[in-house]
Asker: 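Next up is a structure, given as structure tokens.
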Protein chains: 2
Amino acid sequence: MLSKKTKYAFHALTYLGKHRDQKTVLIQDIAEEYGISHKFLENILLELKKAGILGSKKGKGGGYYLIKDPADVPLSKVIRLLDGPIALLPCVSINYYEPCVECKDEAKCGLNKVLIQVRDEMLNVLTNKSLSDILDKE
Amino acid sequence: MLSKKTKYAFHALTYLGKHRDQKTVLIQDIAEEYGISHKFLENILLELKKAGILGSKKGKGGGYYLIKDPADVPLSKVIRLLDGPIALLPCVSINYYEPCVECKDEAKCGLNKVLIQVRDEMLNVLTNKSLSDILDKE
DNA sequence: CATTTACCCTACATTTTTTATAGAGTTTAT
DNA sequence: ATAAACTCTATAAAAAATGTAGGGTAAATG
């Protein structure tokens, strides 16, 4: 399951995607629309900005806006950013790899091998869907 | 990511699958093989038994054994049992459905619609792989 | 039929992660 | 100059995951 952080990120991205005609959107507007705490949402938007998905502008008339084309924002990118690994275990994670302490020989672990396949298939699913798919259905 | 509970369940099922020739396997043997606390593992095996995947026998010479054919134990079944929903949000879960508090109209939520598709594809992946796939690769 | 072996059950404790909250500081547009 | 809005660090409450403790119950063997 996704954390609330990731869910909120998708909400925010959807909102920003729907308001691409205006230059910027206030944190407060997004927060009110979805009943999210202003400060909590701030952290999330900041992470999306650091990842190059959003841009921001300070001062009066400022706010956040979408930099990327919605088709170039796959679900996998957002999930990895806020929730961490797509993989089902650390020993099959691409970006957050860690061996299992109980595993004597990873090369002989059937679970490891099957979960690598699962990871690739899931990654495929989550990379082939993007923010544009969400926006198309709103 | 899978919880340790679910990971241990897969370990135990793998062990039991590999020792199908003997009548029963002791909790202790599995616990030692993977460095799991006896009591913690006991709870997990109990759940697998309640779900009809394992059988058990009490008394001297007792222990656990696999009831199902490994091909009839899909990953999805084990994950749902120990970890809960496969879906990425409660609002798209088949077995654990709950609406989002912030959602005014689910029928108009693009995220909901996309995540339903994602759920179906993930479920497909996790149902098409089973314990037998793990055993084949050990 | 006693004894050993192992399963069954409940409750609690610890640790980690998630979900926020608070408040001060910095930048920028008007 | 001033107000509006972003940035950063630290802290705290709540929830979930992980693990412990200990007694009770059932069954196989001799």
Side-chain angles (χ1 to χ4, degrees), chain A residues 1-12 16 22-32 34-51 53-65 67 79 81-85 88-90 96 98 100-102, chain B residues 1-12 16 22-32 34-51 53-65 67 79 81-85 88-90 96 98 100-102:
Chain A
M1 299 272 281
L2 299 179
S3 66
K4 289 196 176 178
K5 231 175 170 173
T6 304
K7 181 173 71 166
Y8 294 162
F10 280 122
H11 281 330
L16 286 164
Q22 63 193 76
K23 281 177 187 163
T24 64
V25 171
L26 301 183
I27 292 182
Q28 196 53 37
D29 291 349
I30 304 173
E32 279 172 10
Y34 299 104
I36 310 170
S37 131
H38 177 105
K39 284 291 191 178
F40 195 53
L41 181 58
E42 201 175 283
N43 288 326
I44 296 165
L45 296 179
L46 191 56
E47 290 203 63
L48 291 169
K49 188 193 167 185
K50 281 181 187 163
I53 298 170
L54 300 182
S56 69
K57 200 183 161 199
K58 293 179 185 175
K60 195 164 190 175
Y64 278 96
Y65 54 92
I67 288 184
I79 294 174
L81 197 63
L82 281 310
D83 256 4
L88 292 180
L89 287 181
Y96 303 81
E98 263 184 68
C100 294
V101 287
E102 74 272 22
Chain B
M1 299 272 283
L2 298 179
S3 67
K4 289 196 176 181
K5 231 175 171 173
T6 304
K7 181 173 72 165
Y8 293 162
F10 281 121
H11 281 329
L16 287 164
Q22 62 193 76
K23 281 177 186 162
T24 63
V25 172
L26 302 182
I27 291 182
Q28 195 54 37
D29 291 349
I30 304 173
E32 279 172 10
Y34 299 102
I36 309 168
S37 130
H38 178 106
K39 285 289 191 178
F40 196 52
L41 181 58
E42 201 175 282
N43 287 327
I44 296 165
L45 295 179
L46 191 56
E47 289 202 64
L48 291 169
K49 188 193 169 184
K50 280 180 188 163
I53 298 170
L54 300 182
S56 68
K57 201 182 160 199
K58 293 178 187 177
K60 195 166 190 173
Y64 278 96
Y65 53 92
I67 288 184
I79 293 174
L81 197 63
L82 282 308
D83 256 4
L88 292 182
L89 287 181
Y96 303 81
E98 262 184 70
C100 293
V101 286
E102 74 272 22

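Chain naming here is simple, since letters A, B, ... match the order of the sequence lines and numbering starts at 1 in each.
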Asker: May I ask you to evaluate whether B:S3 reaches the phosphate of D:dT18, defined as a side-chain N or O under 4.0 Å from OP1 or OP2?
Answerer: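 True: B:S3 side-chain N/O within range (under 4.0 Å) of D:dT18 OP1/OP2.
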Asker: What pair of heavy atoms forms the shortest contact from A:L41 to A:A31, and how long is it?
Answerer: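 Looking at all heavy atoms of both residues, the shortest contact is CD2-N, 3.5 Å.
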Asker: Specify the separation, in whole Å, of atom NZ of B:K5 and atom P of D:dA17.
Answerer: 9 Å
Asker: Please check the phosphate of D:dC6 (OP1 and OP2 only) for any side-chain N or O of A:K60 closer than 4.0 Å.
Answerer: no
Asker: Nearest whole Å is fine: how far is D:dG19 P from B:I36 CD1?
Answerer: 9 Å
Asker: According to the interplanar angle, ranging from 0 to 90°, do the rings of B:Y34 and B:H11 count as parallel (below 30°), tilted (30 to 60°) or perpendicular (above 60°)?
Answerer: parallel
Asker: As an exercise, state the distance from CG of B:L2 to CG of B:L82, rounded to the nearest 0.5 Å.
Answerer: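 Going from the CG atom of B:L2 to the CG atom of B:L82 covers 9.5 Å.
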Asker: Taking atom types as they are modelled, would you say the side chain of B:E42 forms a donor-acceptor pair with the base of C:dC7 within the 3.5 Å cutoff?
Answerer: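 No pair found.
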Asker: Atom CZ of B:F40 to atom P of D:dA21: distance rounded to whole Å?
Answerer: 14 Å
Asker: Does a side-chain heavy-atom distance below 4.5 Å link A:T6 with B:L88?
Answerer: no
Asker: Ignoring hydrogens and angles, does a donor from either the side chain of A:K39 or the base of D:dT7 sit under 3.5 Å from an acceptor on the other?
Answerer: yes
Asker: Within the structure shown, what part of the strands sits under 4.0 Å from A:Q28 by heavy-atom distance: base, sugar-phosphate, or nothing?
Answerer: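 The residue A:Q28 makes no contact with any strand.
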Asker: Is B:T6 near enough to D:dA17 that one of its side-chain N or O atoms lies under 4.0 angstrom from OP1 or OP2?
Answerer: no
Asker: Between B:Y64 and A:L2, just flag the one whose closest nucleotide in DNA chain C comes earlier from the 5' side.
Answerer: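 Per heavy-atom nearest nucleotide, the more 5' residue is B:Y64.
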Asker: Taking only the side-chain nitrogens and oxygens of B:S37, find out if one of them lies under 4.0 Å from OP1 or OP2 of D:dT20.
Answerer: yes
Asker: Of A:G59 and B:V25, whose nearest nucleotide on DNA chain C comes first from the 5' end?
Answerer: B:V25
Asker: Measure NZ/A:K57 against C1'/D:dT7 and give the value in whole Å, please.
Answerer: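 These atoms are roughly 18 Å apart.
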Asker: Assign A:K4 to base, sugar-phosphate, or nothing according to its heavy-atom contacts below 4.0 angstrom with the strands shown.
Answerer: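 Result for A:K4 = sugar-phosphate.
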Asker: Please tell me if B:Y8 has a side-chain N or O lying less than 4.0 Å from either OP1 or OP2 of D:dT18.
Answerer: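 It does not, given that no N or O in the side chain of B:Y8 lies less than 4.0 Å from OP1 or OP2 of D:dT18.
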Asker: Using a heavy-atom cut-off of 4.0 Å across all strands, would you classify B:L45 as base, sugar-phosphate, or nothing?
Answerer: nothing
Asker: Rounded to whole angstroms, how far apart are NZ on A:K49 and C1' on D:dT7?
Answerer: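 Roughly 8 Å, once rounded to whole Å.
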Asker: What is the distance from CG of B:N43 to C1' of D:dA16, rounded to the nearest Å?
Answerer: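 Taking CG of B:N43 and C1' of D:dA16, I get 16 Å after rounding.
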Asker: Whole-Å distance between C:dA20 C1' and A:L41 CG?
Answerer: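 My rounded result for the distance is 12 Å.
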Asker: Between atom NZ in B:K58 and atom C1' in C:dC9, what is the gap in whole Å?
Answerer: 11 Å
Asker: Among side-chain atoms of A:S56 and A:K49, is any donor-acceptor pair under 3.5 angstrom?
Answerer: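 Result is yes, a qualifying pair exists.
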Asker: Answer yes or no: is there a side-chain heavy-atom contact under 4.5 Å between B:L45 and B:Y8?
Answerer: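 Counting from C-beta outward, B:L45 and B:Y8 never come under 4.5 Å.
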Asker: Just call it for B:K7: base, sugar-phosphate, or nothing, with non-hydrogen atoms closer than 4.0 Å on any strand.
Answerer: nothing
Asker: Using OP1 and OP2 only, check whether a side-chain N or O of B:Y65 sits under 4.0 Å from C:dA6.
Answerer: no
